[in-house]
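Note on naming: letters A, B, ... go to the chains in the order of the sequence lines (proteins, then strands), and numbering restarts at 1 for each one. Computed from heavy atoms alone, side chains included, the values below leave out hydrogens, waters and symmetry copies.
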Number of protein chains: 2
Amino acid sequence: MVTLADVARHAGVSSSTVSYVLSGKRTISEETRRRVEQAVAELGYHPNARARALAARRSYILALVVPLRADSHEPIMMEIATSVTVAARQYGYDVLLITNDEGPEGVRRVALTGLADGVILMDVGLDDERIPVLRELGTQAALIGLPDDRAGLSCVDHDFAAAGAMCADHLADLGHREIAFVGHTSDTRHDNPTVVGFRERAQERGLRFVHRASEGNYDSTAGTFARIFADRPATTAFVVQNDGAIGPLLNLLRTSGRTVPEDASVVALCPDRVAEQHTPRLTTVSGSYQDLGRVAVEQLLRRLTAVSRGEEPTDEQLLLTPTLTVRESTAPRV
Amino acid sequence: MVTLADVARHAGVSSSTVSYVLSGKRTISEETRRRVEQAVAELGYHPNARARALAARRSYILALVVPLRADSHEPIMMEIATSVTVAARQYGYDVLLITNDEGPEGVRRVALTGLADGVILMDVGLDDERIPVLRELGTQAALIGLPDDRAGLSCVDHDFAAAGAMCADHLADLGHREIAFVGHTSDTRHDNPTVVGFRERAQERGLRFVHRASEGNYDSTAGTFARIFADRPATTAFVVQNDGAIGPLLNLLRTSGRTVPEDASVVALCPDRVAEQHTPRLTTVSGSYQDLGRVAVEQLLRRLTAVSRGEEPTDEQLLLTPTLTVRESTAPRV
DNA sequence: TTGTACGCGTTATCAA
DNA sequence: TTGATAACGCGTACAA
């Protein structure tokens, strides 16, 4: 293994000079810089991360805590995880994966042992049990998802309320008056922000709507579908916040003799990738999960640099505005 | 921060004794062990991972290299990543996430800087560009996927050929004679092991079959479906190796007046989670991605312990036998 | 602009 | 069964 001392010897300078050339924390004469860089190249020197971490008292590692059984969320989780990793690398950080089967202790462990400099929490619930640990240890963190008590924390999430409102607006603009919102049965929250945003905007625009749930499979969606038309036969548009219900819904519309978008418009709240897979390709309101990961990394790194300067880190709460992408599944009401 | 020296002082022993109590690498008298453990508890000592890594010359971190744009593979990737992490934790290791946008250099970086003790490569291709780096640096690794040249490497993968054969056997046992295999257009390999395994067993059992591809959306699958029945009107069973084509296929069967499984049997090569979502619930031949991750971790750790003992690590190539789960989509041919 | 020297918190060797 | 103590390789305050 080639060490800093080896490079120093080879270049005829002290090892601290080599260190400073590499870190750029000191002004170095052009001549010695050249010599050092050449020695680095000739010897094939690679700084030892372990020694650096010990001496610098930071590991340049961020811990990413992912939920273990994210059920249907899994593709999204991977997308966030990779975007976090890519973003972190651009700032010279690496990412350690922590699964939630360690529970809140996972956070405690990486913070206490100094494995990670900070923590990114995915899939943060309203009352997340990992948050007390952050407060107790003073661990720097960025959360993806908005907990109830955000004091002292930086968080980022999609602006679900805006997404709901955008669905209402788009369909209202197209002249629809009777809309069905198809959610997921596993969403037990009465104050699902998407629904709230949708409802408020729908009321402002004078729309009638029903909110129904599906389990995300064919049978359940068929039942939901039947009930919607039993209750509201004049329904001409659907908003779907349930990836598994999309395929069944489209098929039910088809088999019931309704053409999309001529007879019924469909707006999906799902990743674009999913929307492109269906026939017709679906109009969506969607947020970027990559942005979510990137923003979380940047929030956390801002906190870390603040702390390293002896400043107080500033709490940031950011809601990312989603995008309406009009594809083939929405059209003016006839 | 509480250090080993603090604990030693508090317990009235030397710091090396504390270290040995914690690592268990030395026999310690009951009395001192008790004193040390009490001091650890009273002071709330947590060993510093960075110092440990430097002194022990191992980081107790494994690097997991995931493909960046895994397209449809993404849910699977997350499942493997979490199972790798959980398994690694059980052996006292953590997992660092490396995305393939760093390319082969990512492997070089973590190995050369000593960030990780070993590497797990996901989604390994037949001729993977990361493999030469492993060889060049002598980095210990475990691969998920089987490359062509496996010399000096430990690998694990599903036994796809066995999976294909099991599909053929199951349908042959049920009396089917004409079978359609629906694959994915993105699979350009002529020697797709699943197809090979299926074909060979099908021939042994005297089955007729066609192999067709779909892009995994409704339109493409509809075209494939039409062609299959144009070519082979007597087809009574399908094997699907294309998650996106499953929903469309079931709907096409339904709308064309064929009931599953009475008129047509369907065997899916997909995760059980996906199979359970469809109506009817699908008979599958599937392998466990969790096992894949766990086995890779164990292979890598065996190599690492061998090396630390000065022994030569043994190469292991393991194919995991998949499982046939009979659900509601297959029945005897009528 | 450069060098010296100490510290980071463990592990592990060598003695006792 | 236990204790000193020398690495481990780098960062940085202090000195020159």
Side-chain angles (χ1 to χ4, degrees), chain A residues 1-37 39-40 43-61 92 110-117 308-310, chain B residues 1-37 39-40 43-61 92 111-117 304 308-310:
Chain A
M1 161 177 267
V2 183
T3 74
L4 210 58
D6 296 330
V7 176
R9 214 170 302 127
H10 192 90
V13 298
S14 80
S15 57
S16 71
T17 298
V18 178
S19 176
Y20 282 118
V21 168
L22 265 42
S23 71
K25 292 186 179 175
R26 213 187 221 185
T27 47
I28 302 282
S29 76
E30 200 45 55
E31 164 62 7
T32 54
R33 144 162 297 120
R34 208 189 41 68
R35 292 235 306 286
V36 168
E37 281 166 351
V40 165
L43 298 182
Y45 169 73
H46 289 264
N48 183 303
R50 324 206 249 244
R52 185 171 79 131
L54 179 59
R57 287 143 165 198
R58 33 185 0 196
S59 60
Y60 293 92
I61 289 177
V110 295
L112 248 22
T113 61
L115 240 188
D117 298 334
S308 73
R309 286 180 191 154
Chain B
M1 160 177 269
V2 184
T3 73
L4 210 58
D6 296 331
V7 175
R9 216 170 299 127
H10 193 88
V13 298
S14 78
S15 57
S16 67
T17 298
V18 177
S19 175
Y20 282 116
V21 168
L22 266 42
S23 69
K25 293 186 181 177
R26 214 187 219 185
T27 47
I28 301 282
S29 77
E30 201 42 57
E31 165 62 9
T32 53
R33 143 161 297 122
R34 209 191 40 69
R35 292 236 304 285
V36 168
E37 280 167 353
V40 165
L43 298 182
Y45 168 74
H46 288 264
N48 183 303
R50 321 204 252 242
R52 183 170 80 130
L54 179 59
R57 288 147 168 197
R58 34 187 354 197
S59 60
Y60 293 91
I61 289 178
L112 250 21
T113 61
L115 239 187
D117 297 334
L304 290 177
S308 74
R309 287 182 191 153

Next item on the list: Just call it for S16(B): base, sugar-phosphate, or nothing, with non-hydrogen atoms closer than 4.0 Å on any strand.
Entry: base
Checklist line | Nearest-Å distance for atom pair CG/P, residues L22(B) and dG9(C) | finding: 16 Å
Checklist line | Closest approach of V36(B) to V21(B) (non-hydrogen atoms, all atoms of both residues) | finding: CG1-CG1, 3.8 Å
Margin query: Between S16(B) and S19(B), does the side-chain hydrogen bond (donor to acceptor under 3.5 Å, both in side chains) criterion hold? Intermediate values first, please.
Written below: CA-CA 5 Å; S16(B) 67; S19(B) 175; over 6 Å; no
Note to self: Quick check on DNA chain D: between R57(B) and I28(B), whose nearest nucleotide comes earlier from the 5' end?
What the structure shows: I28(B)
Next item on the list: Would you kindly give the CZ-to-C1' distance between R58(A) and dT12(D), to the nearest whole Å?
Entry: 14 Å
Margin query: Under 4.0 Å, heavy atoms only, any strand: does S23(B) hit a base, just the sugar-phosphate, or nothing?
Written below: nothing
Next item on the list: Taking only the side-chain nitrogens and oxygens of S29(A), find out if one of them lies under 4.0 Å from OP1 or OP2 of dT1(C).
Entry: no
Next item on the list: Between A55(B) and Y20(B), just flag the one whose closest nucleotide in DNA chain C comes earlier from the 5' side.
Entry: A55(B)
Check: Thinking salt bridges, do R34(A) and E31(A) make one under a 4.0 Å N-O criterion?
Finding: yes
Note to self: Expressed as a whole number of angstroms, how long is the span from Y60(A):OH to dG11(D):P?
What the structure shows: 8 Å
Notebook entry, point to check: Between dT1(D), dG3(C), dT10(C), which nucleotide has the shortest distance from any of its atoms to the side chain of A51(B)?
Noted result: dT10(C)
Next item on the list: Under 4.0 Å between any heavy atoms, over every strand shown, what does L54(A) touch: base, sugar-phosphate, or nothing? Just pick one.
Entry: base
Checklist line | Out of dT10(C), dT2(C), dG11(D), whichever nucleotide has its closest atom nearest the side chain of T32(A) | finding: dT2(C)
Check: L115(B) CG to dG9(D) C1': how many Å, rounded?
Finding: 14 Å
Notebook entry, point to check: Between N48(A) and T113(B), is any pair of side-chain heavy atoms under 4.5 Å apart?
Noted result: no
Next item on the list: In whole angstrom, give the distance that lies between atom CZ of R34(A) and atom C1' of dT2(C).
Entry: 17 Å
Notebook entry, point to check: Are OP1 or OP2 of dC10(D) and a side-chain N or O of Y45(A) less than 4.0 angstrom apart?
Noted result: yes
Note to self: Between P on dT2(C) and CD on E31(A), what's the gap in Å once rounded to a whole number?
What the structure shows: 9 Å
Next item on the list: Using atom CG of L4(B) as one end and atom C1' of dC8(C) as the other, report the distance to the nearest whole Å.
Entry: 13 Å
Margin query: Tell me whether the side-chain N/O atoms of K25(B) come closer than 4.0 Å to OP1 or OP2 in dA12(C).
Written below: yes
Note to self: Check this for me: does the side-chain of R26(A) come within 3.5 Å of the base of dT2(C) through a donor and an acceptor?
What the structure shows: yes
Check: Pick the nucleotide of DNA chain D nearest each of A49(A) and S14(B); which residue has the one closer to the 5' end?
Finding: S14(B)
Margin query: Which heavy atom of A53(B) sits nearest to which heavy atom of S59(B), and what is that distance?
Written below: CB-CA, 3.9 Å
Notebook entry, point to check: Which part of the nucleic acid, if any, lies within contact of S19(A), taking any heavy atom under 4.0 Å across all strands shown: a base, the sugar-phosphate backbone alone, or nothing?
Noted result: base
Notebook entry, point to check: How many Å lie between CZ on R52(B) and P on dA7(D), as a whole number?
Noted result: 23 Å
Note to self: Any non-hydrogen side-chain atom of Y45(B) less than 4.5 Å from a side-chain atom of H10(B)?
What the structure shows: no
